[in-house]
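To keep things clear, I will list the structure first and then write my remarks on it.
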Amino acid sequence: MNTEIVELNEQNIDIEQLMRAARIIVNLGTVVLPTETVYGLGANALSSIAVNKIFLAKGRPADNPLIVHVCSVKMMEDLLDEPIDLRSKKLIDAFWPGPLTLVFKRSDKVPLEVCAHLDTVAIRMPDHPIALKLIELANVPIAAPSANISGKPSPTMAQHVIQDMDGRVDMIISADRSRIGVESTVLDISSPVAIILRPGGVTLEQLQKVLGKDGVMLDNMINSVVDKPRSPGMKYTHYAPNATLQIVRGKRENIISYIKGEIQTSSTPNLIGVLCSDESKSEYQGAHVISIGSVHRLDQGAANLFAVLREFDQIGVDMIFAEAFAEDEMGLALMNRLKKAAGFNIVDV
Ligand code: AMP
Ligand code: MG
């Protein structure tokens with residue numbers, strides 16, 4: 001199919017152009033839109049026909065549900081049968097618009113395909129002027145998973161989207177780089193203790209400030225490969241670069257000497273990539289070294305991760321060694337994506 005690429009400036013949105021995107025959504029087509037997390041592949045969340053096009057374009061398994069994006073609390077309430085409780089209201093007040101997805105009991109208005117036949121629906125309000133305005137103009141909630149081919153790193157730049165989705169969607173809105181750069185935090189609020197099903201742009205520490213230290217916990221499936229997880233998306237290979245990726249975990253000096261040893265004993269060091277921090281990037285002579293930033297700014301590291309994985313694909317290395325980072329604050333989401341990208345191939349040194 002013919003994909004139209006439209007460039008929009010988020011500081012000064014061309015409403016005429018965005019209206020055309022909204023019309024595509026209303027007419028059950030597909031539009032890639034920028035959000036603060038990653039670029040999303042959007043379609044009318046109230047239409048099975050539209051939503052099926054998302055699964056087709058991405059090659060996404062049908063049992064991996066989609067997140068529905070809304071531009072108002074009213075639009076969210078229309079997707080639920082029951083009024084939301086006080087805790088949800090608190091979370092919405094604290095984090096919306098923003099990278100927090102809440103899982104609610106759904107109403108019959110939500111097509112089964114969106115929720116992969118679950119009785120719940122995942123909803124968030126994106127913190128991005130183009131995304132919000134598009135939803136408002138289309139006047140329907142927009143289902144939007146990351147706009148990558150299933151299994152590839154999520155797109156944080158328009159050029160990534162074009163690589164993956166040109167010819168597969170009706171329109172791509174090209175805008176700035178995604179500010180957060182990893183997907184939203186998915187939070188299950190069906191039990192008294194909220195459960196993080198997927199770490200993301202809102203941290204555990206931020207949620208604890210609102211819900212109390214004991215009011216939220218991490219799903220114990222987050223760091224494992226499982227067949228029947230609570231959040232269906234967790235079982236698939238994700239974010240994988242073409243090369244084999246191995247995470248090297250341990251004391252800083254042990255990590256460095258392990259990776260250096262691998263480079264020195266390799267017969268093809270120019271086919272080795274090293275994903276590291278600014279603090280250690282000068283250590284790995286002979287390999288392709290890409291830093292995700294300082295270990296003191298893992299929020300920026302998280303924002304850079306997917307682009308760095310795609311860069312290694314461009315270079316064409318066949319082995320990537322990645323330093324492990326601290327798993328608190330945004331480091332938790334960063335390491336979650338890195339572990340999935342590596343298929344949990346981790347060496348402790
Ligand atoms: P993506 O759209 O690629 O960011 O993936 C969305 C993720 O949200 C899915 O892979 C699931 O893990 C999670 N999710 C979506 N809907 C639900 C739901 N109803 N219950 C639990 N997790 C969900
Ligand atoms: Mg995704």
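When a residue number appears, it is its place in the shown sequence, counting from 1. These numbers come from the heavy atoms of this one structure, side chains and all, not from hydrogens, waters or symmetry mates. In listed order, ligands and their atoms are each counted from 1.
Close contacts of ligand 1 with Ala122, meaning ligand atoms under 4.0 Å from a residue heavy atom, involve 15 (C), 16 (N), 17 (C). Those atoms of ligand 1 that come under 4.0 Å of a heavy atom in Ile67, given as number and element, are 6 (C), 8 (O). Every atom of ligand 1 with a heavy atom of Leu118 under 4.0 Å away is listed here by number and element: 18 (C), 19 (N), 20 (N). Close approach of ligand 1 to Arg198 (heavy-atom distance below 4.0 Å) involves ligand atoms 1 (P), 4 (O), 5 (O), 6 (C), 7 (C).
More than 12 heavy atoms of other residues, nucleotides or ligands shown are found within 6.0 angstrom of CD1 on Ile315.
Residue Asn64 has at least one nitrogen or oxygen atom sitting less than 3.5 Å from a nitrogen or oxygen atom of ligand 1, judged on distance alone. Where the criterion is an N or O separation shorter than 3.5 Å, residue side chain and backbone included, Thr120 meets it with respect to ligand 1.
Salt bridge Glu205/Lys213: absent, no basic N to carboxylate O contact under 4.0 Å. Ion pairing between a basic and an acidic side chain is recognised when a charged N comes within 4.0 Å of a carboxylate O; Arg124 and Glu36 show such pairing. In summary, Asp78 and Lys74 engage in a salt bridge, as defined by a charged side-chain N under 4.0 Å from a carboxylate O. The pair Arg249-Glu323 does not count as a salt bridge, with every side-chain nitrogen at least 4.0 angstrom from each carboxylate oxygen. Remark: Lys260 engages Glu283 in a salt bridge, criterion side-chain N to carboxylate O under 4.0 Å.
If you look at Asp188 next to ligand 1, there are no close heavy atoms at all, none under 4.0 Å.
For a distance threshold of 2.8 Å, the protein N, O or S atoms nearer than that to the Mg ion (ligand 2), listed by chain and number, are Ser146 OG.
Using 4.0 Å as the threshold, Cys115 has no heavy atom nearer than that to any atom of ligand 1. The closest approach between a heavy atom of Arg60 and any atom of ligand 1 is below 4.0 Å.
If you run side-chain contact (heavy atoms from CB on, under 4.5 Å) between Val32 and each of Ile172, Ile173, Val6, only Ile172 comes through.
A donor-acceptor contact closer than 3.5 angstrom links the side chains of Glu279 and Ser294. Looking only at atom types and distance, the side chain of Gln163 has a donor-acceptor partner in the side chain of Arg310 under 3.5 Å away.
Closest heavy-atom contact between Cys276 and Val289: SG-CG1, 3.5 Å.
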